[in-house]
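Whatever order the structure lists ligands and atoms in, that order sets their numbers, starting from 1. If you're wondering where the values come from, they're calculated on a predicted model, not measured in any experiment.
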Amino acid sequence: MSKDRVIIFDTTLRDGEQSPGASMTKSEKLSIAKSLEKMKVDVIEAGFAIASPGDFESVKSIADSVKDSTVCSLSRALDKDIDRAAEALKGANSGRIHTFIATSPIHMEHKLRMQPDQVIEQAVAAVKRARNHVADVEFSCEDAGRSEIDFLCRIIEAAINAGASTINIPDTVGYAIPEQFGLTMKTLIDRIPNSDKAIFSVHCHNDLGLAVANSLSAVQSGARQVECTINGLGERAGNASLEEIVMAIRTRKDLFNIDTNIDSQFIVPTSKLVSSVTGFAVQPNKAIVGANAFAHESGIHQDGVLKHRETYEIMSAQDVGWHTNRMVLGKLSGRNAFKTRLEELGHSFETETELNQAFANFKDLADKKHEIYDEDLHLLVSENHGDYEDKYQLVSLKVASCTGETPEAELVIAVDGTEFKGVAQGSGPVDASFKAIESIVGSGVELTLYSVNAITSGTDSQGEVTVRLDLGGKIVNGLGADTDIVVASTKAYLHALNLLGANVVREHPQTAEGV
Ligand code: KIV
Ligand code: ZN
């Protein structure tokens, strides 16, 4: 057990997926896992195997194909969860079971309805059962941020004695403040008699915007694993962002005196992959991966950076993967150049048919748009998920929009292969198109988010549209891209309907029965 570096545990595919609408399909998860492996992430939390057959299959396929990173499945402290996680991880080169139970008074009393001693008993039994399956077991004290320190000491000591080699201290509700959280970590490591037998880990949520600060404070107090997600994806305000953690530790090595194994060149490509797969756009001023993170507007800054980069930049854009190997494809690019670039960006094709379809879409796009950038490619393949049959497909769309007149949309969509025509008016061309779809489908969904992003610069840029639909609490994000934003919006709406039909929405581990 090496304590001379910080282990990066990525939970984009598990905790990140708990963001409303961020459900990913098996092949999307596999692409992201491959990208994380290339980035040299130490541990990939691939999912919560017991949640559904789809989750089980995702964890299994990642365990079977990722070789350089440890693959982990979450499980509650229940026999059936642990056995299912072990089953999914059977093919892993290096597999880890991550089991958890809540330890705060409020969770034990109101959620678990258990006495503290019973909680310790269940935690110990879970760790022992997991150890019968795998050598690498992590134990988490859910809501540790609001737990009593004496109780944490007792349960952690017992979990280490039972065989846990990683102890995770989550700030589940994002309640902690850096100095205080660092002190909690230090107190645990100092007071628990067998703490030297485990790696202490930190897992922070961002409700007060402090997830990264709290995680870094815990590292300064001796934590040697950080749990985080790409782009800080995660439910509510998200989790600690991987790119910020990694680059803070690296940039301020003078303070941390330690590093991670991460190959930072893969940060930006992976960020773009996650954002295009989930439909969660990255805000332009987001540290490290935002479009403006290295852009210098003011004349004084530009002048300084041109004379000597370090005057205003503490990191280099190239080091985190901005524009590395950037290759612009176009109309004349061949199938091989297309496939190679996509593989470099983390997308792989399971079948020739998938590749051919994506290449045909690429040619269509190249007809409309001169230069095809990496951002376009990410979108192109995320539209082509290959995991389930689309029930709804756009056949044609005509919109009439004129000042002083009510916009009208006329569209044809194929529903399970049969074409239907819908006509509707709306307050704008997008609204009219959505109403025209609903005149055919009658889905009963509520539109809870609509956003448009221009993904590259220029007027021939593609518009990337995210549409979030809520059907009785089932939430999905649909994505669509096109040089025409009304077409992009229509595609996004149909994509969301297809996701609802494919039932990719899954159970939440922390609210599922039994925790
Ligand atoms: O936030 C949390 O407590 C979690 C645990 C399951 C580790 O995600
Ligand atoms: Zn969490």
Exercise for the section: Kindly indicate, with the supporting measurements, whether the criterion side-chain contact (heavy atoms from CB on, under 4.5 Å) is fulfilled by Val445 and Leu471. Expected result: CA-CA 5 Å; Val445 294; Leu471 182 65; 4.0 Å; yes

Exercise for the section: Specify the protein heavy atom at minimum distance from atom 2 (C) of ligand 1: its residue, its atom name, and the distance to 0.1 Å. Expected result: Gln510 NE2, 3.3 Å

Handout entry: Arg146 bridged to Asp143 by N-O distance under 4.0 Å
Key = yes

Practice task
Using a cut-off of 6.0 Å, state whether more than 12 heavy atoms not belonging to Gln118 lie near its atom CD.
Solution key: yes

Exercise for the section: Number the atoms of ligand 1 from 1 as they appear, then name those within less than 4.0 Å of a heavy atom of His205, with their elements. Expected result: 1 (O)

Fill in the blank from the handout: Note: ligand 1 atoms sitting under 4.0 Å from heavy atoms of Glu142 are 3 (O)

Fill in the blank from the handout: Quick note, ring-ring contact (aromatic ring centres under 6.0 Å, His included) partners involving residues 107-145, not counting sequence neighbours, are none

Handout entry: Contact check, Arg14 vs ligand 1, heavy-atom distance below 4.0 Å
Key = yes

Fill in the blank from the handout: Numbered in order shown, the ligand 1 atoms found under 4.0 Å of a heavy atom of Pro170 are 2 (C), 3 (O)

Handout entry: Crowding at CD, Gln115 (>12 non-hydrogen neighbours, <6.0 Å)
Key = no

Practice task
Please check if atom NZ in Lys128 has more than 12 non-hydrogen atoms from other residues, nucleotides or ligands closer than 6.0 Å.
Solution key: no

Exercise for the section: Sorted by first residue and then second, give each ring-ring contact (aromatic ring centres under 6.0 Å, His included) pair with at least one member in residues 166-224; sequence neighbours left out. Expected result: His203-His205

Exercise for the section: Looking only at distances, please establish whether an N/O atom of ligand 1 is found under 3.5 Å from an N/O atom of Asn168. Expected result: no

Problem - side-chain contact (heavy atoms from CB on, under 4.5 Å) between Leu74 and Phe100, intermediate numbers included - result: CA-CA 8 Å; Leu74 184 69; Phe100 75 97; 3.6 Å; yes

Exercise for the section: Please write down residue, atom name and distance for the protein heavy atom closest to atom 3 (O) of ligand 1. Expected result: Thr172 OG1, 2.6 Å

Fill in the blank from the handout: Residue pairs passing the ring-ring contact (aromatic ring centres under 6.0 Å, His included) test with at least one member in residues 243-281, sequence neighbours excluded, are none

Problem - Any donor-acceptor pair under 3.5 Å from Asn453 side chain to Glu464 backbone - result: no

Problem - Ion pair Arg5/Asp42, N-O distance below 4.0 Å - result: yes

Problem - Those atoms of ligand 1 less than 4.0 Å from some heavy atom in Asp15 - result: 8 (O)

Practice task
Using distance alone, decide if ligand 1 has a nitrogen or oxygen within less than 3.5 Å of any nitrogen or oxygen in His203.
Solution key: yes

Exercise for the section: Consider ligand 1: state whether an atom of it lies below 4.0 angstrom from any non-hydrogen atom of Glu227. Expected result: no

Handout entry: Protein N, O or S atoms lying under 2.8 Å from the Zn ion (ligand 2), listed by chain and number
Key = Asp15 OD2, His203 NE2, His205 NE2

